[in-house]
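This report refers to the structure that appears directly beneath it.
All chains are named by letter (A, B, ...) in the order of the sequence lines, taking the proteins before the strands, and each is independently numbered beginning at 1. Everything numeric here is computed off the predicted structure, so don't read it as measured data.
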Amino acid sequence: MVSYDIQEVELRWQKRWQELGVYNVEQDDLRPKSYVLCMYPYPSGAAHQGHVKNYTFGDLNVRYRTMRGEAVLSPIGFDSFGLPAENAAIKTGIHPREFTEARIDELRASLRRLGSVYDWRRESKSHSPNMVKWSQVIFKRFFEAGLAYKAEAPVNWCPGCQTVLANEQVHADGTCDRSGDIVEKKNLSQWFFRITKYADELLDSIDDLDWPEPVKVMQRNWIGRSVGAKFTLSISGLNGIGVDVYTTRPDTAFGMTYAVVAPEHPIVAMVIDGKFADADFIAQHGGANFEFDPAHINSVAAFVEEVKTLNDVDRVSTATDRPKRGVFTGLSVTNPFTGQEVPLYSADYVLMTYGTGAIMAVPGEDQRDYDFAKVFSLPIVRTVKPPEDFDGEAYTGTGEKINSDFLNGLSIEDAKAKAIEFLTNKEIGESSVQYRLRDWLISRQRYWGCPIPIVYCDNCGTQAEAEENLPILAPDDVEFLPTGESPLARHATFKDAICPKCGGYARRETDTMDTFVDSSWYFLRFADAFNDDAPFSIEALREWMPVDQYIGGIEHAILHLLYARFFTKALSDLGMVPTELREPFSRLFTQGMILMNGSKMSKSKGNLIAPEKYFNSVGADALRLFHLFVGPPGDSFNWTDQADEMIEGSARFINRLYRVATEPYEPKGIDTEAGRVLRIELNKTIKKATFDYERWSYNTVVAATMSLVNAIYKAIAANADVESVQDAIDGAIKLLAPMTPHVCAEMWSIRHDDEILHRQPWPSADEELLASVKETMIIQIGGKVRDRIEVDGDIDEESALSIALASDKVLVHLPNGKPSRVVAKLPKLLNLIP
RNA sequence: GCCCGGGUGGUGGAAUGGUAGACACGGAGGACUCAAAAUCCUUUGCUCGCGAGGGCGUGCGGGUUCGAAUCCCGCCCCGGGUACCA
């Protein structure tokens with residue numbers, strides 16, 4: 001079946017593109033600039049099918065845009081810090097650097113073998129001293145600007161990874177994104193990035209991004225802005241002690257029949273400490289009429305203990321179907337709207353980490369409160385009139401306000417505003433905006449990451465390392481042990497530092513940064529990869545940023561893409577990137593996954609079908625073509641036995657074109673009409689393929705080109721003229737050049753005296769020729785197709801009708817011999833209504 | 001539960017309100033060959049009919065329209081995200 005030496009041709013062209021530097025670009029390039037980037041790959045070794053798909057899309061875009069006359073920045077690098085290398089070190093004793101470099105070499109070789117082209121001079125590796133230095137410089141600037149801070153907080157600890165995790169790395173069911181272990185809560189002092197400062201801008205500017213809608217929706221939900229009111233509920237019988245609550249429904253305050261605090265709320269600790277049974281404390285707060293039954297101290301303490309023993313999975317995952325649990329605190333609070341006292345409960349359906357950790361409970365209009373009220377037999381009052389036929393429990397719909405004194409009769413919206421006005425006037429509350437988004441925890445108790453460039457001085461406190469001392473590199477002489485303690489913390493001298501302020505002894509921070517920090521700015525470095533003075537310059541970023549086309553997996557919808565957006569905005573405010581650069585990625589494409597039996601094809605599942613197998617048999621071009629042809633780029637593909645047959649089919653098509661492109665064509669006689677038909681087909685295909693390239697419909701580009709090749713074979717069988725046939729072949733080669741680059745380059749160079757195909761301009765369709773083509777007019781009777789007739793492209797309704805009425809097929813279905821009505825979309829369609 | 005996608009031949013899929021099933025894979029038949037492979041050609045939604053031709057058909061039920069896979073309403077199923085966020 002093979003008609004050319006695939007291995008030889010593919011390797012030769014890979015070498016040639018590299019030597020010619022076709023895809024090396026300079027800042028002073030005069031062509032229009034664009035930037036195409038695939039997401040920073042983690043180097044896990046040789047490429048898998050997911051990589052092949054991803055990098056084929058990337059490479060295709062680079063080559064297509066280059067042929068369209070653009071100077072395309074196409075860089076590549078490796079997200080080379082991370083846990084697997086360190087875990088391997090614990091297991092095998094091989095240093096993470098050595099391990100990682102070997103994996104990078106494998107992945108790099110795979111990408112080259114795939115035929116992916118890059119400006120390799122710009123290659124980056126997160127663990128290189130150069131990149132570590134710039135990560136640390138950026139951290140230092142963040143620290144100085146108050147965007148990086150250290151705080152004690154309840155954090156997610158993964159026992160499997162032996163480190164803390166960001167909220168974004170913990171799944172809804174409380175398991176670790178990477179290892180799947182159940183994440184534990186620990187109170188630790190950790191470093192955070194103040195991403196919440198940008199919550200509003202991160203949310204609002206999503207609208208303007210040319211990104212897939214599902215990704216935009218996920219980011220909006222993750223940031224989770226909600227608008228409502230915050231106010232204080234004072235403890236009945238005491239002065240100066242209260243509980244702040246947050247609600248999005250201040251209009252329902254008249255329906256508050258109890259209040260709830262989270263088990264971790266400070267007021268709960270005060271109950272357990274016996275504060276409310278302490279005569280001095282009560283006297284201090286003017287509690288002459290205060291009543292408290294000390295029996296509650298034990299029952300509250302017991303409840304808090306019970307909750308503590310539950311991990312997140314127990315507490316959260318069965319959220320909606322588990323009966324509500326809680327305990328009466330023994331305290332009452334006063335509803336400021338009604339003046340009534342209502343009981344204060346503690347329950348774990350209220351989370352300390354959201355809002356104020358306390359709520360007013362309105363069982364009439366909130367299902368969770370309703371469920372709790374039922375368990376504890378608490379009163380339920382409706383403040384919104386439900387429809388007549390409402391038979392649910394809590395009513396959350398719209399309606400007229402009732403049982404709400406001065407809010408009665410108002411709409412919910414108006415009542416909200418008036419309730420906030422009431423709180424503001426009484427100076428016990430105000431309108432408030434809350435976010436689901438938390439600050440980004442970046443500390444990791446691991447070795448193979450970028451060290452946090454901070455020292456702790458007994459005299460001067462927490463200090464950023466002096467810039468001239470950067471990079472701070474992790475020492476090589478460490479022991480990798482599965483103890484859960486970072487090798488850096490155990491190292492004899494790494495901790496020893498000099499305070500940059502006073503010059504005295506200081507203790508060095510031993511935690512490293514989350515690897516998502518590295519991938520939050522690497523794309524900026526590519527634009528100015530040779531800069532020795534700064535991570536990047538404003539001028540270079542003005543030339544190349546933002547990334548015009550970003551390509552990667554949907555699994556990064558929140559984590560990487562949100563962090564990178566935050567970095568861009570923060571760096572912009574710090575003056576390190578252009579002020580007008582607020583978003584890093586103009587257009588995003590998320591490719592589909594490769595599945596096998598319904599689950600993701602991956603090394604850990606042991607269901608990999610290695611690309612090497614195909615590189616060594618049918619070649620990279622055929623494998624690329626298969627991935628492009630199999631379906632829409634955004635769709636997942638379930639790998640079955642049929643895949644091999646389809647890959648064979650791709651190889652067959654390539655050979656079919658190769659044969660016709662390289663064998664001499666000597667027609668016996670000339671059929672000019674056959675030539676004309678082929679010419680029309682060629683120009684139609686150029687038009688369609690170009691349109692489809694622009695809309696990322698690569699599977700239909702392949703289909704259109706296959707049709708063209710079929711037409712070429714037909715034209716040859718019909719003795720079409722040589723020029724028409726040769727033009728059609730050249731056209732097909734150009735249209736396929738971004739998809740199957742090697743064989744196309746080879747065919748072009750054979751046919752055109754060693755010319756470089758990928759430096760050729762993109763073909764354009766002959767519109768004049770296309771305008772002269774006859775169209776097929778569909779004749780419908782009452783919407784059903786009854787005949788098809790060839791007509792001129794500019795036919796008018798009158799002639800179309802007379803042609804139609806001359807057709808027997810039409811007249812059979814038209815009892816009166818003429819229509820009662822005519823709908824014409826000429827020249828494509830004529831619909832006659834009987 | 002809520003929020004996104006999606007449901008079309010034996011299979012992957014095509015069709016931006018206008019010929020449903022392009023293009024492939026697989027199947028069937030044929031040519032070439034001593035034979036096989038490779039290659040080339042024909043055919044391939046279901047159904048009635050010898051045929052010309054007709055009927056049905058895009059998860060299900062309604063609707064809008066001259067015309068619906070496509071738009072609207074109500075369901076069913078599959079995939080993903082999210083999960084007591086007040």
Problem set entry | In rG9(B), glycosidic geometry as syn within 90° of 0 or anti otherwise |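 Judged by the O4'-C1' to base torsion, rG9(B) sits in syn, the angle falling within 90° of 0.
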Where do N or O atoms of nucleotides 19-21 of chain B meet protein N or O atoms at under 3.5 Å, pair by pair?
unit_1  : atom_1 : unit_2  : atom_2 : d
rU19(B) : O2     : R788(A) : NE     : 2.5
rU19(B) : O2     : R788(A) : NH2    : 3.1

Kindly write out the residues that satisfy side chain to side chain contact (heavy atoms under 4.5 Å, CB included) with [X], not counting sequence neighbours, or none if the list is empty.
X: S431(A); value: I420(A)
X: D210(A); value: R587(A)
X: L801(A); value: L805(A), P819(A), V822(A), L830(A), L832(A)
X: T248(A); value: S226(A), Y246(A)

Should [X] be listed as having a side-chain N or O under 4.0 Å from OP1 or OP2 of [N]?
X: S226(A); N: rA86(B); result: yes
X: Y246(A); N: rA86(B); result: no
X: N655(A); N: rA38(B); result: no
X: K828(A); N: rG67(B); result: no

Problem set entry | Set of residues satisfying side chain to side chain donor-acceptor pair (under 3.5 Å) with respect to Q780(A), sequence neighbours excluded | none
For this session: Look at the side chain of E365(A) and the backbone N and O of V384(A), then say whether any donor-acceptor pair between them is shorter than 3.5 Å.
Result: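 A pair under 3.5 Å: yes.
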For this session: Among rC40(B), rA86(B), rA15(B), find the nucleotide with the atom closest to the side chain of R659(A).
Result: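 Comparing rC40(B), rA86(B), rA15(B) against the side chain of R659(A), the answer is rC40(B).
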Problem set entry | Shortest side-chain distance from N831(A), nucleotide among rU82(B), rC40(B), rG18(B) | rG18(B)
Give the table of side-chain donor-acceptor pairs shorter than 3.5 Å for residues 784-791 of chain A, with sequence neighbours excluded, one pair per line with atom names and distance.
unit_1  : atom_1 : unit_2  : atom_2 : d
R786(A) : NH1    : H813(A) : NE2    : 3.3
D787(A) : OD2    : S807(A) : OG     : 2.8
E790(A) : OE2    : T776(A) : OG1    : 2.9

Problem set entry | Side-chain H-bond candidate by donor/acceptor type, D369(A) with Y349(A), under 3.5 Å |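 Yes - a donor-acceptor pair under 3.5 Å links their side chains.
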Seminar exercise, completed: salt bridge (Lys or Arg N to Asp or Glu O under 4.0 Å) filter on E663(A), not counting sequence neighbours, yields none
Seminar exercise, completed: Per-nt protein contacts along nucleotides 23-30 of chain B (heavy atom under 4.0 Å; B base, S backbone sugar-phosphate only, - none) come out as BSBS----
Exercise. How would you label the contact of V630(A) with the nucleic acid (heavy atoms, under 4.0 Å): base, sugar-phosphate, or nothing?
Worked result: sugar-phosphate
For this session: Report which part of the nucleic acid R225(A) touches: base, sugar-phosphate, or nothing (heavy-atom distance under 4.0 Å, all strands).
Result: nothing
Distance between the [atom1] atoms of [N] and [M], in whole angstroms?
N: rA15(B); M: rA68(B); atom1: C1'; answer: 13 Å
N: rA14(B); M: rC78(B); atom1: P; answer: 23 Å
N: rG27(B); M: rU33(B); atom1: P; answer: 24 Å

Exercise. Given that both distances must come in under 3.5 Å, which nucleotide forms a Watson-Crick or G-U wobble pair with rA86(B)?
Worked result: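 Pairing partner: none.
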